[in-house]
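Okay, so here's the structure we're looking at.
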Amino acid sequence: MPDKTRRRGKDMTSSIPVSSEDEGTTSDVGIIIGSSREQSPARKHTFQIEDPLVYEAAPLLDRLTNKWKQFYANKDFGNILILISLYWLQGIPLGLAHGSIPFLLKEKLSFAQVGLFSLAGYPYSLKLFWSPFVDSLYDRKFGRRKSWIVPIQLVLALMFWWMGSHIDSLVRNPAENIYEITYLFLAIVFLSATQDIAVDGWALTLLSKENLSYASSCQTIGINCGYFLSFTVFLALNSVEFSNKYFYSTPSEEGFLQLGPYMAFWALIYVLVTLYLILFKVEEEPSSSSEAEYGIVETYKTIWRICKLPHMQQFIIVLFFAKIGFIPNDSTTQLKLIERGLHREDMALAVLIDFPVQIFFGYYAARWSRGESKMRPWRIAFILRLFCSLLSMVTVYYFPQDGLTTGYFYVILLTKVAGSMASTVQFVGVSAFVTQIADPVIGGTYMTLLNTLSNFGGTWPVFFVMRAIDYFSSAACVFSADNSDDSVAKQSYSCATQEDRNRCKQDGGTCNVIWDGYYVVSISCVLFALIMFFSFIRPTVHRLERLPTHLWRVSKESRK
């Protein structure tokens, strides 16, 4: 029997051999408690555990410093920084296209016109259709992933630099330039989505096998940091009220940071990161694998075979329609709050506070999505998210007429955090289920297909929802007798769109809202989602999650 006496002290350790069948036989597994020591050559596995007594006695700062030293000493430390940087560059255009630009446009445009701009975000939900080309076409000498990343980032740098001197003038007159703005950001998002395909593939070979778990962390850190810089930080610095309060001694009519200089700055960062990849980073040849044998034609055939599975077709319908109930809240509620009087910097602050909550619940949602009912948290979060959508409508309807108060801001913040929590739980729940059913032989293709369908389910309704809000809205610009010119009688006209509301204000009239299409569309989408959930989505998901894993698999030999 091993000596189980607890020993204390800096250099004292305890080794507990496991599976010793007779005396004199060394175990295959050893557990080391305390400081490290040389592993016995006869042992195949050794687990080192920090001594709790020593760990608890160490100050928090020392523990954090030691963790950083261990991370810095990691052999993939440099490659991890490269991945974070590349994902960070992806987050910059995403934060602009999905966050800041819609807010800037809504001040002068209608929901239908902002909905037109929302088409610029579609490439991220459709990248599956050209991902086989990114995986299969490349210059072997230069590098499989660098062949795409380097030219794409140089083109993005040129576009950002050109837009640095033109975008502000376009945004000042968005009604006349909405198509040009949309085309420019459509091109930027398309290039970023293509870069994302290459970076995701490079992460599998850039990191060593024992550090592959860092890939998702690099993606989360990088994209979110870039997104919040372009959304939260930029909106605050671009705000006139925020800038006059914190930066200017004398009031100014412009914010501290304009869109043009911001994009020009990131053009330089794109160039610097790309030059580093060209001059200092050599891409190693990937080892052959079963997935690498799939060419362009074979990949498309595999996607088609997956989609022909009967239960996969049912799951595709679920992914395609499941998010309709949340779209009005996700895409328009923040814009309606801005319209009612919420400042952009207040919304940016709410988003900033919301970020750590998503990270926290993302971790626990991964733990909840285990066992036989992996999608059970997803189903619960579905109802919670619909409830938050209704609650968000209430916050818009009862927004204080005299301006935002601190207490009401907390109500808005709580509603947003609850909705984001439910959204995160749903995202992690779907990811856990997809990971379970994905065929490991074609895992990349399988997961890209399902992730694309899931993302597309949250993007395709946006354009139609925003157009419907304007269609069902009714408002009239009226003039009082005091504001009417004696010589020219001013007649009432429709002011349902933002452009007409601005015109009404300039003419000295008052825009009376007769019927707000936001509530009509939001309630309709929530009711449709409830009917779909109880009649089709819930029973279908409950049945699909219990199917044996092999029923979701397709083999390379089964192609026809």
Side-chain angles (χ1 to χ4, degrees), residues 88-109 111 113-114 117-118 120-121 156 159-178 180-182 184-185 188-189 192 223-270 331-355 403-404 409 412-413 416 498-499 502:
W88 194 313
L89 293 179
Q90 284 182 39
I92 297 300
L94 289 181
L96 292 174
H98 294 282
S100 296
I101 302 299
F103 275 91
L104 298 178
L105 296 179
K106 187 59 187 73
E107 294 177 352
K108 300 179 180 180
L109 299 181
F111 278 103
Q113 291 170 310
V114 177
F117 176 79
S118 70
L156 282 170
M159 294 190 65
F160 268 60
W161 185 260
W162 182 88
M163 292 176 70
S165 57
H166 293 82
I167 190 64
D168 285 323
S169 61
L170 295 176
V171 173
R172 287 192 191 99
N173 301 294
E176 301 175 1
N177 304 308
I178 184 61
E180 186 175 354
I181 295 172
T182 302
L184 286 171
F185 277 94
I188 286 176
V189 174
S192 297
I223 290 182
N224 279 297
C225 286
Y227 187 93
F228 284 108
L229 272 179
S230 289
F231 185 20
T232 307
V233 177
F234 172 75
L235 274 187
L237 297 180
N238 183 257
S239 168
V240 176
E241 294 84 359
F242 184 88
S243 300
N244 287 332
K245 184 177 181 179
Y246 293 103
F247 291 101
Y248 297 138
S249 56
T250 57
S252 173
E253 295 182 357
E254 290 189 345
F256 179 78
L257 180 62
Q258 298 303 305
L259 183 57
Y262 180 79
M263 296 190 73
F265 167 77
W266 283 105
L268 295 176
I269 302 301
Y270 270 107
S331 61
T332 62
T333 293
Q334 296 182 83
L335 299 178
K336 290 296 293 186
L337 289 171
I338 295 291
E339 184 181 287
R340 297 297 295 269
L342 183 68
H343 293 155
R344 283 184 289 160
E345 63 270 21
D346 294 328
M347 182 56 68
L349 177 61
V351 174
L352 181 63
I353 296 174
D354 180 49
F355 173 64
L404 182 68
F409 175 74
I412 294 174
L413 180 62
K416 180 171 180 55
Q498 185 63 42
E499 186 177 6
N502 295 336

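Only a predicted model underlies this, so the values are computations on that prediction, with no experimental measurement involved.
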Quiz item: CE of M263 to OG of S165: how many Å apart, nearest 0.5 Å?
Solution: 10.5 Å
Quiz prompt | Side-chain heavy-atom pair S192, L156 within 4.5 angstrom cut-off | solution = yes
Practice problem: Give, for atom CD1 of I178 and atom NZ of K108, the distance between the pair rounded to the nearest 0.5 Å. | Solution: 12.5 Å
Practice problem: Give the intermediate values and the outcome of side chain to side chain contact (heavy atoms under 4.5 Å, CB included) for residues E180 and L184. | Solution: CA-CA 6 Å; E180 186 175 354; L184 286 171; 4.2 Å; yes
Quiz item: Got a sec, which residues hit salt bridge (Lys or Arg N to Asp or Glu O under 4.0 Å) with E107, two or more places apart in sequence or on another chain?
Solution: R344
Practice problem: Could you pull out all residues at least two apart from E254 that satisfy side chain to side chain donor-acceptor pair (under 3.5 Å)? | Solution: none
Quiz item: With a cut-off of 6.0 Å (strictly less than), are more than 12 heavy atoms of other residues, nucleotides or ligands near CZ of F409?
Solution: yes
Quiz prompt | L268 vs W161 side-chain heavy atoms within contact, under 4.5 Å | solution = yes
Quiz item: Just wondering, do F256 and Y248 contact through their side chains at under 4.5 Å, heavy atoms?
Solution: yes
Practice problem: Would you mind reporting whether I223 and W88 have side-chain heavy atoms less than 4.5 Å apart? | Solution: no
Practice problem: Under the side chain to side chain donor-acceptor pair (under 3.5 Å) rule, collect the residues that match up with Q334, sequence neighbours excluded. | Solution: none
Self-check item: OG on S331 to CZ on F111, rounded to 0.5 Å
Solution: 8.5 Å
Self-check item: Residues that K416 engages under salt bridge (Lys or Arg N to Asp or Glu O under 4.0 Å), provided they are two or more places apart
Solution: none
Quiz prompt | Straight-line distance of L337 CG to I412 CD1, nearest 0.5 Å | solution = 5.0 Å
Quiz prompt | Minimum-distance pair of heavy atoms, taken over all atoms of L89 and Y270 | solution = O-OH, 2.7 Å
Quiz prompt | Short side-chain to backbone donor-acceptor contact, Y227 and Q90, under 3.5 Å | solution = no
Scan the side chains in residues 229-237 for donor-acceptor partners under 3.5 Å anywhere in the protein, sequence neighbours excluded, and list what turns up.
| residue | atom | partner | partner atom | Å |
| --- | --- | --- | --- | --- |
| S230 | OG | I92 | O | 2.9 |
| S230 | OG | Y262 | OH | 2.8 |

Quiz prompt | CG-CZ distance between L105 and F117, expressed to the nearest 0.5 angstrom | solution = 6.0 Å
Quiz prompt | Separation of K106 NZ from I338 CD1 (nearest 0.5 Å) | solution = 10.5 Å
Run the side-chain donor-acceptor check on residues 168-176: report pairs under 3.5 Å with partners two or more places apart or on a different chain.
| residue | atom | partner | partner atom | Å |
| --- | --- | --- | --- | --- |
| D168 | OD1 | L259 | N | 3.4 |
| D168 | OD1 | G260 | N | 3.3 |
| D168 | OD2 | G260 | N | 3.1 |
| S169 | OG | H166 | O | 2.7 |

Practice problem: Please name the pair of heavy atoms, one in N238 and one in L257, separated by the smallest distance, quoted to 0.1 Å. | Solution: ND2-O, 2.9 Å
Quiz item: Are the side chains of F160 and I188 in touch, meaning some heavy atoms are under 4.5 Å apart?
Solution: yes
Self-check item: Closest heavy-atom pair and its distance - V114, P102
Solution: CG1-CB, 4.2 Å
Self-check item: Atom of E253, atom of V240 and distance for their closest heavy-atom approach
Solution: O-CG2, 3.6 Å
